[in-house]
Amino acid sequence: MFIVLTVEREEKGPLARAVEYLGRSPLKIYRKSFLGNGYYHIVDHVSRANGSPHWRLLAQATGRAAVRLVAEEGVEPPPGCGLRLYQPGVFAGRIAAMAGVQLLRMMGEEGRRATVALVDEDGLFSWCAGELARQCALLRVYTRRPERYAVLCRELMEGFGASLLLADTPEGLAGSSFAVAPAPTGVWKLPLPVLTVDRSGIQGSPTVNRLEPDLPPEILREVPEGIPAAQFLGAAWETGLRRFPLDMGIRACRVDGRLVPFREGMAAVLGMDRGSKAGR
């Protein structure tokens, strides 16, 4: 169960403010379902004059789900109010892996011959390695927990004929066509294109993030207006009892901060990669 918050700003005269002060809640709460997973949609009616959500009332209304809040873009609870935006880390990692697979397919035969890098410092995204290694010639993985990859390396080589090498340092990823970083890292730079999640310190040449899934219209209509689709899907997928398939593609992304269609952005990435190889 998670909470979706949207804010309706309206003109409130003295009478409306007095009625609210006397006890009429400005919150409207609706119980809804997305692909069989329940959530609460709270609409907060605020004055257009100050536009501040009723954080204290929201914290009381959400209870234990206060740390599973999905809000409109730009709406963030202040520290100490008891509410926290939900960050769907596993889902974000899967989106990054899907973007890497989609890029390899766009590359065609070149993708099947490519060497790809995976940055998994804590060894928590070995499933991501499995998805990428089956699409390329060689996957290089930088991780500080190589023991978590021992079984996977054997399974991929024996079951799929896929090749996977572990790198002790980020320098061991050199020569790859691009890298996928499915979890936030510290601030450091790789000299190759990097597809990564939001709020990560890793930098590539270029950095590709803010990955937006390409949803069919019937699914997109179920996402509340103003709510970031990736955040909503991630909360539903991670907190719900019914996992739904994550077979959608990537619609758009940011390349070094510039919002572009995914295919256009990846064409630029591939062109840069070919140019860098030609120059070596």
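Only heavy atoms go into these numbers, but all of them, side chains included; no hydrogens, no water, no symmetry mates.
Within the 3.5 Å criterion, the main-chain N or O of Y86 finds a donor-acceptor partner in the side chain of Q231. Between the R68 side chain and the M1 main chain, a donor and an acceptor come within less than 3.5 Å of each other. At least one donor-acceptor pair under 3.5 Å links the side chain of T62 to the backbone N or O of L58. A donor-acceptor pair under 3.5 Å is absent between the side-chain atoms of K28 and the main chain of D44, judged by distance alone. In this structure, Q102 contributes its side chain and I250 its backbone to a donor-acceptor pair below 3.5 Å. Formation of a donor-acceptor pair under 3.5 Å by the E8 side chain with backbone atoms of V43 is not found in this model. Side-chain atoms of E238 come within 3.5 Å of backbone atoms of V90 as a donor-acceptor pair (strictly under, hydrogens ignored). A donor-acceptor pair under 3.5 Å links the side-chain atoms of R140 to the main chain of A174, judged by distance alone. For the pair T196 (side chain) and N209 (backbone), a donor-acceptor distance under 3.5 Å is absent. Checking side-chain atoms of E72 against main-chain N and O of V7 turns up a donor-acceptor pair under 3.5 Å.
M98 has its side chain within reach of M248: a pair of non-hydrogen atoms, C-beta onward, lies under 4.5 Å apart. Using a 4.5 Å heavy-atom cutoff, the side chains of L118 and L164 are not in contact. Counting heavy atoms from C-beta on, the side chains of P146 and V141 never come closer than 4.5 Å. By the 4.5 Å heavy-atom criterion applied to side chains, Q87 and D198 are not counted as neighbours. With contacts defined as side-chain heavy-atom distances shorter than 4.5 Å, the pair V223/L233 qualifies. The closest side-chain heavy-atom distance from R84 to L69 is not below 4.5 Å. Under the 4.5 Å side-chain criterion, counting only non-hydrogen atoms from C-beta, V119 is in contact with W188. Considering only heavy atoms from C-beta on, L104 comes within 4.5 Å of F178 through its side chain.
Legend: residues meeting side-chain hydrogen bond (donor to acceptor under 3.5 Å, both in side chains) with R148, ordered by chain and number and at least two apart, are absent. Checked against ring pair (Phe, Tyr, Trp, His ring centres under 6.0 Å), F125 has the following partners two or more places apart in sequence or in another chain: W127. Qualifying salt bridge (charged side-chain N to carboxylate O under 4.0 Å, His left out) partners for R64, counting only residues two or more places apart in sequence or in other chains: none. Taking F232 as the reference, F2, F34, Y39 meet the ring pair (Phe, Tyr, Trp, His ring centres under 6.0 Å) condition, with sequence neighbours excluded. Residues satisfying the salt bridge (charged side-chain N to carboxylate O under 4.0 Å, His left out) test with E158, not counting sequence neighbours, are none. In this structure, the side-chain hydrogen bond (donor to acceptor under 3.5 Å, both in side chains) partners of E171, at least two apart in sequence or on a different chain, are T169.
Within a 6.0 Å sphere centred on CZ of R263, heavy atoms belonging to other residues, nucleotides or ligands number 12 at most.
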Worked verdict on R243 versus W237 for side chain to side chain contact (heavy atoms under 4.5 Å, CB included)
CA-CA 6 Å; R243 294 289 177 91; W237 193 81; 3.2 Å; yes
Take Y142 and T185 through the side chain to side chain contact (heavy atoms under 4.5 Å, CB included) test and state the conclusion after the steps.
CA-CA 12 Å; Y142 165 59; T185 72; over 6 Å; no
Between V116 and S176, does the side chain to side chain contact (heavy atoms under 4.5 Å, CB included) criterion hold? Intermediate values first, please.
CA-CA 5 Å; V116 177; S176 303; 5.7 Å; no
Derivation and outcome, side chain to side chain contact (heavy atoms under 4.5 Å, CB included), residues L85 and E76:
CA-CA 7 Å; L85 293 180; E76 188 166 347; 3.7 Å; yes
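With rounding to the nearest 0.5 angstrom, the CG atom of L132 is 12.0 Å from the CG atom of L138. Taking CZ of F262 as the start and CG of L195 as the end, the distance is 5.5 Å to the nearest 0.5 Å. Once rounded to the nearest 0.5 Å, the distance linking OG1 of T143 with CG of L124 reads 8.0 Å. With rounding to the nearest 0.5 angstrom, the CZ atom of R145 is 4.5 Å from the CD atom of E147. Rounded to the nearest 0.5 Å, atoms CZ (R94) and SG (C128) are 9.0 Å apart. In this structure, S47 OG and R9 CZ are separated by 10.5 Å, a value rounded to the nearest 0.5 Å.
The shortest heavy-atom contact between L103 and M266 is CD1-CB, 3.7 Å. Scanning all heavy atoms of the two residues, the minimum distance from C253 to L211 falls at CB-CD2, 3.8 Å. A179 and L190 get closest at one heavy-atom pair: CB-CD1, 4.1 Å. When all heavy atoms of P228 and A71 are compared, the closest pair comes out as CD-O, 3.4 Å. Of all heavy-atom pairs spanning A59 and C81, the tightest one is CB-O, 3.5 Å. Taking every heavy atom of both residues into account, P184 and S200 meet most closely at CA-OG, 3.5 Å.
At a threshold of 4.0 Å, the pair K32-E222 does not count as salt-bridged, since none of the basic side-chain nitrogens sits closer than that to a carboxylate oxygen. Using a 4.0 Å cut-off between charged side-chain N and carboxylate O, D122 and R144 make a salt bridge.
Under the 4.5 Å side-chain heavy-atom criterion for Ile, Leu, Val, Met, Phe, Trp and Tyr, Y30 and L5 are members of distinct hydrophobic clusters. V197 and L259 are members of different hydrophobic clusters when ILVMFWY side chains are connected at heavy-atom separations under 4.5 Å.
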